[in-house]
Amino acid sequence: QRPSLRVLTVALLLGLAACSPSGEWREMRPSSTGLVARFPCKPDAHARRLPLAGQTVELTLHACQHDGATYALAAADVGDPRQVAPALAALLEATQANLRAASAASAPAQVPGMTPGPGALRVGLQGRLPDGAPVAAVTAVFSHGTRVLQATVMGRPEGHADVQTFLDGLRVQP
């Protein structure tokens with residue numbers, strides 16, 4: 001016996017809803033990042049000087065929370081092309097250490113307009129928050145010139161539609 005068209009339509013709509021991003025996505029041009037980004041919420045901006053790969057840089061962070069996940073975009077100018085790869089590695093190491101993530105699955109990061117390089121990676125992490133709660137995160141580190149960038153979604157597993165929408169919404173401004 002064949003299922004009715006109505007049952008198939010409802011199942012298809014439920015499947016599409018499970019794969020589509022939630023929230024009201026908006027395109028933004030966060031200052032100091034040199035990027036166009038899409039966020040599901042309005043990010044707050046914070047800047048502070050901190051050590052990164054042996055030098056002190058001003059790191060700007062744009063972040064917001066939506067539906068149990070944190071969406072963040074960090075940017076810093078390291079000023080010297082030779083410092084880009086060590087800075088990208090340091091950003092990843094800091095994220096892994098902060099989440100106490102033991103292992104990571106990675107692939108090359110692909111952001112339109114980025115400067116290609118071996119340090120540009122997209123990494124899926126499984127770790128723990130400071131309170132011990134388990135957490136999933138996906139982070140991408142990449143550069144444009146001497147500017148190093150990190151886009152992170154924490155609280156969503158890789159493959160979740162919102163993670164893909166956030167990362168696919170990144171591009172270097174022309």
Side-chain angles (χ1 to χ4, degrees), residues 27-66 69-156 158 163-164 166-174:
E27 189 172 278
M28 308 180 81
R29 297 179 188 318
S31 63
S32 78
T33 66
L35 290 177
V36 174
R38 292 183 63 204
F39 281 88
C41 42
K42 185 177 180 197
D44 292 323
H46 308 277
R48 68 180 200 193
R49 295 192 61 75
L50 54 86
L52 181 65
Q55 65 179 319
T56 300
V57 299
E58 181 163 316
L59 184 104
T60 304
L61 176 70
H62 298 272
C64 63
Q65 292 188 337
H66 171 72
T70 299
Y71 298 80
L73 180 60
D77 193 334
V78 295
D80 179 352
R82 295 173 296 185
Q83 292 300 313
V84 170
L88 292 175
L91 287 170
L92 274 178
E93 288 169 14
T95 302
Q96 219 169 343
N98 287 340
L99 296 179
R100 297 180 283 170
S103 62
S106 68
Q110 297 178 358
V111 175
M114 74 177 206
T115 301
L121 294 172
R122 177 177 169 162
V123 180
L125 300 168
Q126 297 290 327
R128 298 213 171 264
L129 295 172
D131 67 2
V135 66
V138 178
T139 191
V141 295
F142 55 98
S143 66
H144 182 253
T146 59
R147 185 173 304 276
V148 294
L149 301 124
Q150 181 176 25
T152 303
V153 180
M154 188 168 32
R156 295 261 190 240
E158 179 132 24
V163 172
Q164 201 61 42
F166 181 65
L167 295 176
D168 286 350
L170 299 170
R171 69 183 186 279
V172 175
Q173 292 185 46

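Atoms considered below: every heavy atom in the structure, side chains included; atoms not considered: hydrogens, waters and symmetry mates. Quick note: residue numbers are just sequence positions, from 1.
In this structure, the side chain of Arg147 does not engage the main chain of Gly79 through any donor-acceptor pair within 3.5 Å. Between the Thr146 side chain and the Pro81 main chain, no donor and acceptor come within less than 3.5 Å of each other. In this structure a side-chain-to-backbone donor-acceptor pair under 3.5 Å is missing from His144 to Gln173.
What you find for Ala72 and Ala63 is that their closest heavy atoms are CB-CB, 4.0 Å. What you find for Pro30 and Phe39 is that their closest heavy atoms are CG-CE1, 4.2 Å. Across all their heavy atoms, Pro43 and Cys64 have their closest contact at CA-CB, 3.7 Å.
Taking the six-membered ring where tryptophan is involved, the planes of Tyr71 and Phe166 are perpendicular, since the angle between them exceeds 60° and thus also 30°.
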Do any side-chain atoms of residues 47-59 form donor-acceptor pairs under 3.5 angstrom with protein atoms, and if so which ones, sequence neighbours left out?
unit_1, atom_1, unit_2, atom_2, d
Gln55, NE2, Val78, O, 3.3

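Counting heavy atoms from C-beta on, the side chains of Met114 and Ser143 never come closer than 4.5 Å. Side-chain contact check for Leu73 versus Leu61: every heavy-atom pair is 4.5 Å or farther apart. Under the 4.5 Å side-chain criterion, counting only non-hydrogen atoms from C-beta, Arg122 is in contact with Leu167. Under the 4.5 Å side-chain criterion, counting only non-hydrogen atoms from C-beta, Met154 is in contact with Val135. No side-chain heavy atom of Arg29 sits less than 4.5 Å from a side-chain heavy atom of Leu35. With a 4.5 Å cut-off on side-chain heavy atoms, Val148 and Val84 count as touching. When side chains are defined from C-beta on, Leu149 does not count as touching Val141, because their heavy atoms never get closer than 4.5 Å.
Considering NE2 of His62 and NZ of Lys42, their distance stands at 12.0 Å, rounded to 0.5 Å. How far CG of Asp77 is from OG1 of Thr33: 12.0 Å, rounded to the nearest 0.5 Å. Taking CD of Gln96 as the start and OG1 of Thr139 as the end, the distance is 10.5 Å to the nearest 0.5 Å. Between the CD atom of Gln65 and the SG atom of Cys41 there is a distance of 8.0 Å, given to the nearest 0.5 Å. Rounded to the nearest 0.5 Å, atoms CZ (Phe142) and CG (Leu91) are 10.5 Å apart.
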query: Checking side chain to side chain contact (heavy atoms under 4.5 Å, CB included) for the pair Glu27/Arg171: CA distance, chi angles, key distance, verdict?
result: CA-CA 11 Å; Glu27 189 172 278; Arg171 69 183 186 279; 3.4 Å; yes
task: With side chain to side chain contact (heavy atoms under 4.5 Å, CB included) as the test, would you mind laying out the steps for Val123 and Val138 before giving the verdict?
output: CA-CA 6 Å; Val123 180; Val138 178; over 6 Å; no
